[in-house]
Amino acid sequence: MNASLFHRYHGLGNDYLVCHQSVAAKFTLEQISRICDRNYGIGSDGLLIDIDDEEVPRVRIINPDGSEAEKSGNGLRIYARYLFDIKRVGHEPFLVNTLGGQVSCEVTEGAHQIIVDMGQAKFTPSALPAHVEGEAMLDQPLVVGGHDLNATLVSMGNPHCVVRVEKLDLALVHQLGPLIETLAIFPKRTNVQFVEVIDRANISIGIWERGAGYTLASGSSSCAAASAMRKLGLVDDNVTVTMPGGQLAIAFSGDFMVNMRGPVQKIADITLDADCFYDLG
Ligand SMILES: N[C@H](CCC[C@H](N)C(=O)O)C(=O)O
């Protein structure tokens with residue numbers, strides 16, 4: 001049987017498969033969706049494709065529904081760890097290119113904590129993109145599914161709709177997340193976070209990801225949610241983001257430049273068998 005090698009990692013329970021571009025080139029987007037399926041495939045919150053024939057390492061981020069993301073925070077920490085594991089990098093900081101811009105990564109001692117400078121949070125609707133009036137949508141009314149919400153729009157390179165709530169309710173994330181993801185005002189859809197501000201250094205979030213659905217953690221969502229709360233003046237320059245999968249440390253500098261630090265663990269090296277696609281014809 002024709003087999004292909006994948007490397008499985010997770011960041012706070014947000015798991016990704018990593019493969020070389022030569023492996024990814026063998027599959028259609030339908031087959032990549034099947035590979036990410038948790039019952040009929042290997043199972044994953046997405047696929048990271050390693051492109052190693054350019055001066056700076058480049059990673060493509062494919063969601064389980066086959067859509068391509070401009071950026072992924074947990075994905076970038078995982079990709080940085082993968083590059084360390086294959087000895088493409090050491091403990092020195094290094095650049096990585098993504099569809100949503102260039103970032104700087106660092107694998108700290110022990111390789112279980114990864115730091116990524118995620119770039120600048122942007123609040124202009126065109127950055128997402130979003131079809132809304134004005135220079136920014138900050139804590140503005142958004143009625144979804146009969147619920148009166150307060151929403152802030154942020155781009156981390158990928159789009160985010162951040163909903164501030166008094167008390168986090170994960171059932172509401174599941175109920176309203178898919179409705180917000182696909183609102184007509186988001187021509188490329190959007191990631192969604194519900195955020196409870198605990199104090200000026202701590203927030204809790206629930207996540208509904210574009211193209212992936214409910215996930216236990218999200219790096220770009222953590223950056224977006226913390227940026228939105230900082231823009232609203234509700235948190236300071238260092239924020240711990242708590243998610244069902246665990247915590248990330250977010251630090252701001254300059255004009256909403258966002259630094260993210262958090263864990264990565266390797267799970268397995270997996271050989272996929274082509275028979276996985278047999279029923280797809
Ligand atoms: N589904 C997201 C990409 C992955 C984001 C998340 N896994 C992260 O860690 O940032 C999107 O379409 O923008």
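Both counts, for ligands and for their atoms, begin at 1 and track the order of listing.
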Margin query: So that I can tick it off, tell me whether Arg230 and Asp237 are bridged by a salt bridge, with the cut-off set at under 4.0 angstrom between side-chain N and carboxylate O.
Written below: yes

Notebook entry, point to check: Looking only at distance, does Asn158 have an N or O less than 3.5 Å from an N or O of ligand 1?
Noted result: yes

Notebook entry, point to check: Of Asn14, Asn74, Asp15, Asp85, which is the lone residue that meets side chain to side chain donor-acceptor pair (under 3.5 Å) with Tyr9?
Noted result: Asp85

Checklist line | Close side-chain approach of Asp52 and Gln21, heavy atoms under 4.5 Å | finding: yes

Margin query: Residue-level breakdown please: for Thr215 versus ligand 1, do any non-hydrogen atoms fall below 4.0 Å on the side chain, on the backbone, on both, or on neither?
Written below: neither

Margin query: Just to be sure I'm reading this right: ignoring hydrogens, which of Ser218, Gly73, Cys223, Gly100 gets closest to atom 6 (C) of ligand 1? Compare them by their nearest heavy atoms.
Written below: Ser218

Margin query: Among Arg210, Arg189, Lys122, exactly one meets salt bridge (charged side-chain N to carboxylate O under 4.0 Å, His left out) together with Glu70. Which residue is that?
Written below: Arg210

Note to self: Below the 3.5 angstrom mark, is there an N/O of Ser221, backbone or side chain, next to an N/O of ligand 1?
What the structure shows: no

Check: Counting each atom of ligand 1 from 1 as listed, which ones have a heavy atom of Asn74 under 4.0 Å away?
Finding: 8 (C), 9 (O)

Notebook entry, point to check: With a 4.0 Å heavy-atom cut-off (strictly under), which part of Tyr16 contacts ligand 1: side chain, backbone, both or neither?
Noted result: side chain

Note to self: Taking only non-hydrogen atoms of Asp45, do any sit less than 4.0 angstrom from ligand 1?
What the structure shows: no

Note to self: Suppose we measure from atom 5 (C) of ligand 1 to each protein heavy atom; which comes out shortest, and what is that distance?
What the structure shows: Glu209 OE1, 3.4 Å

Next item on the list: Walk me through it: do Tyr79 and Tyr16 pass the test ring pair (Phe, Tyr, Trp, His ring centres under 6.0 Å)?
Entry: CA-CA 9 Å; Tyr79 183 59; Tyr16 277 91; over 10 Å; no

Margin query: Does ligand 1 come near enough to Lys71 that some N or O of the ligand is less than 3.5 Å from an N or O of the residue?
Written below: no

Note to self: Can you tell me if Asn191 contacts ligand 1 (heavy atom of the residue under 4.0 Å from the ligand)?
What the structure shows: yes

Checklist line | Sole candidate of Val59, Leu99, Val103 that passes side chain to side chain contact (heavy atoms under 4.5 Å, CB included) when paired with Lys71 | finding: Val103

Next item on the list: Check step by step if side chain to side chain donor-acceptor pair (under 3.5 Å) holds for Gln247 and Thr240.
Entry: CA-CA 7 Å; Gln247 296 183 323; Thr240 297; 5.7 Å; no

Notebook entry, point to check: Should Asn63 be listed as contacting ligand 1, given a heavy-atom distance under 4.0 Å as the test?
Noted result: yes

Margin query: Are the side chains of Glu209 and Asp45 in contact, using a 4.5 Å heavy-atom criterion?
Written below: no

Check: atom 10 (O) of ligand 1: which protein heavy atom is closest, and how many Å away?
Finding: Ser220 OG, 2.6 Å

Item checked: Backbone or side-chain N or O of Gly219 under 3.5 Å from ligand 1 N or O -> yes

Margin query: Which of the numbered atoms in ligand 1 are under 4.0 angstrom from any heavy atom belonging to Ala69?
Written below: 3 (C), 11 (C), 12 (O), 13 (O)

Next item on the list: Enter the distance from Lys167:NZ to Leu172:CG here, rounded to the nearest 0.5 Å.
Entry: 14.0 Å

